[in-house]
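Below: one structure, written as structure tokens.
Residue numbering restarts at 1 for every chain, and letters A, B, ... go by the order of the sequence lines. A quick note: this is a predicted structure, and the numbers were derived from the prediction, not measured.
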Amino acid sequence: MNIRLSKTKYLNGLQCKKLLWYIYNEPDAIPEPDATTQAIFDQGHLVGEYAKKLFPNGVEVDHSETFEAGLRQTRDLISKRVSIFEAALTYKRCYARADILEPVADDNWDLIEVKSSTDLKDVNYHDIGFQYYLYTGAGLKIDKCYLMCIDNSYVRKGDIEPCKLLKKIDVTDEIKTSYSTMVENNVAEMVKAINSKTFPQIDIGAHCNEPYDCPLIDKCWSFLPERNVFFLYRNNKLPMTLIQEGVFELDKIPEKYEISAKNQIQVDCEKTGKPYIDSQKIKEFLDTIQYPAYYMDFETFASAIPMFDNSSPYKQIPFQFSVHVVKEKGTKPEHFSFLADGTDDPRPEFMAKLKNVMGTKGSVIAFKASFEMYILNKCAEVLPEYQQWVDSIDERIIDLLQPFSDFAYYHPQQDGSCSLKKVLPALTGKSYDDMEIGDGGTASAEYCRVTFTEDNKDKKKVRKLLEEYCGLDTMGMVDIVEQLYSFK
DNA sequence: ACTCCTATAGGTAGGCTGTA
DNA sequence: TACAGCCTACCTATAGGAGT
């Protein structure tokens with residue numbers, strides 16, 4: 001096979017050679033990225049657009065024609081010594097496009113890799129190292145290598161200022177002395193792996209999620225039983241050891257291994273098939289609830305590029321809340337909700353509407369309540385007239401996650417997770433499975449799509465689904481507490 | 001992607017006990 | 001009585017898990 005290795009495939013190969021083999025030999029076995037992953041990629045492209053604004057005279061290589069045309073145009077632009085976006089070069093079996101090549105003194109070029117993350121990661125070194133190896137091999141003289149990424153301390157005031165939004169990190173030394181020097185060897189090994197008749201035998205391990213979630217994870221991990229040792233709560237070391245000893249099932253862990261009290265509860269539940277109930281702890285938790293009880297949940301979105309004044313990269317902006325109010329223990333809850341519309345900053349209306357609903361006394365119950373309090377405090381920074389009210393909510397807040405992360409209650413169906421998405425079905429039988437919008441990530445992505453993009457034909461339907469989803473979260477919390485009362 | 005929180009693990013310091 | 005060694009408790013750093 002005449003193999004051409006792109007930068008992305010090089011990084012795939014570093015993560016796992018089995019993945020690399022599949023990419024070349026059985027590409028149909030690799031699932032397409034889901035909508036949430038795609039939204040992250042789109043975000044990256046947008047950041048790239050702002051990075052280009054820092055080089056107003058830059059020229060972008062046109063890749064809409066043939067592969068060779070892109071290479072030819074790149075060569076032409078290199079000879080003209082202008083700033084180039086998406087410059088495409090090949091060397092030996094390697095191919096890459098440079099986000100930005102900037103001509104500098106003495107016929108040199110600076111290489112700039114743009115990322116939408118907020119700091120430097122190991123994988124970025126390999127990424128730039130591959131490019132450095134390739135471009136110098138192709139005859140370019142590279143002076144400095146930079147990673148350009150998001151400065152999350154930037155606060156938007158007026159139009160986006162790309163020079164403040166983005167920061168440049170000099171990685172020249174690491175690239176030249178280390179990461180570019182290992183490319184030749186790595187590529188040779190990768191080519192060997194790709195050309196092999198069968199995929200390389202590689203055990204499952206931490207690399208399946210590092211640095212990226214592998215698309216083949218379902219395939220490689222399918223040999224494990226449904227409830228396996230990897231579900232042990234907060235225990236990632238022991239499962240690998242157990243697997244190597246041939247222990248796959250939670251209820252077959254040999255006694256010689258000491259496990260935490262919570263893990264022990266899990267294992268015991270797996271053996272009996274019954275939930276664990278610490279009625280004393282549950283009672284103590286329930287006794288902290290004061291009525292009227294306000295069950296509260298927010299949905300937020302966070303973009304790399306801050307969309308509004310007084311917001312920062314990746315800072316959560318709330319656009320929706322759902323509140324179920326239970327006046328007296330056991331009475332039917334009353335539902336209040338808000339879903340922002342339009343492209344303006346939703347925070348002022350969100351805060352005003354929420355304050356109206358929340359009353360002045362009684363518990364405020366949220367799942368992972370620190371998230372809701374964080375959002376409220378961030379809003380109060382921008383809208384200081386709400387700070388006192390936010391403080392009063394802080395005094396009323398109760399975290400419904402607590403009895404579950406404490407293992408006051410554990411059901412084997414939770415699969416070692418205390419998330420609402422696991423607790424609710426295990427405890428009440430209610431499920432998110434058949435919902436078109438069934439998790440916060442999708443809710444956030446769909447809201448942004450129909451609100452901020454042209455792709456909004458189904459806006460009415462999406463808004464209805466969002467209302468359903470957020471309402472299910474709070475109603476689910478009501479059901480969970482009702483259920484807990486029965487264990488008291 | 002990020003961020004916050006917290007459980008856990010590991011390390012250090014201080015105190016106690018036992019032995020010389 | 002003094003010293004050494006061990007154990008415990010506390011603190012800190014990190015990794016995992018929750019949310020979107």
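Atom CG of A/Leu120 and atom P of B/dA1 are 13 Å apart (whole Å). Rounded to whole Å, atom C1' of B/dA1 lies 16 Å from atom CE of A/Met307. At whole-Å resolution of the value, CD1 in A/Ile150 and P in B/dT3 are 11 Å apart.
In terms of position along DNA chain B, the nucleotide closest to A/Tyr314 lies nearer the 5' end than the nucleotide closest to the other residue of the pair A/Asp406 and A/Tyr314. Nearer to the 5' terminus of DNA chain B, by closest-nucleotide assignment, is the contact made by A/Lys378 (compared with the other of A/Lys262 and A/Lys378).
Ion pairing between A/Asp151 and A/Lys164 fails under the 4.0 Å rule for side-chain N and carboxylate O.
Cation-pi geometry between A/Lys168 and A/Tyr146 is met: under 6.0 angstrom from the ring centre, within 45 degrees of the axis.
Taken over five-pair windows at either terminus, the axes of the helix from B/dA1-C/dT20 to B/dA20-C/dT1 are inclined to one another by 20° (rounded to 10 degrees).
The side-chain hydrogen bond (donor to acceptor under 3.5 Å, both in side chains) check on A/Lys274 picks up nothing, with sequence neighbours excluded. Residues passing the ring pair (Phe, Tyr, Trp, His ring centres under 6.0 Å) test with A/Tyr257, sequence neighbours excluded: none. Every residue meeting the side-chain hydrogen bond (donor to acceptor under 3.5 Å, both in side chains) condition with A/Asn186, not counting sequence neighbours, appears here in chain and number order: A/Tyr10.
Here the CD atom belonging to A/Gln266 is positioned 10.5 Å from the CZ atom belonging to A/Arg227, to the nearest 0.5 angstrom.
For A/Lys115 and A/Asn124, the side-chain atoms include no donor-acceptor pair closer than 3.5 Å. Of the N and O atoms on the side chains of A/Asp268 and A/Gln264, at least one donor lies less than 3.5 Å from an acceptor on the other residue. Between the side chains of A/Glu467 and A/Ser337, a donor-acceptor pair is found at a separation under 3.5 Å. Checked by atom type, the side-chain pair A/Ser417/A/Asp415 shows no donor-acceptor distance below 3.5 Å.
Here the two rings, on A/Phe321 and A/Phe350, have centers that are under 6.0 Å apart.
Residues from residues 389-399 of chain A that place a heavy atom under 4.0 Å from any atom of DNA chain C: there are none.
At the heavy-atom level, A/Tyr447 lies nowhere under 4.0 Å from the strands shown.
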- A correct 5'-to-3' footprint of nucleotides 11-20 of chain C, with B, S and - meaning base, sugar-phosphate only and no protein heavy atom under 4.0 Å, is ----BBBBBB
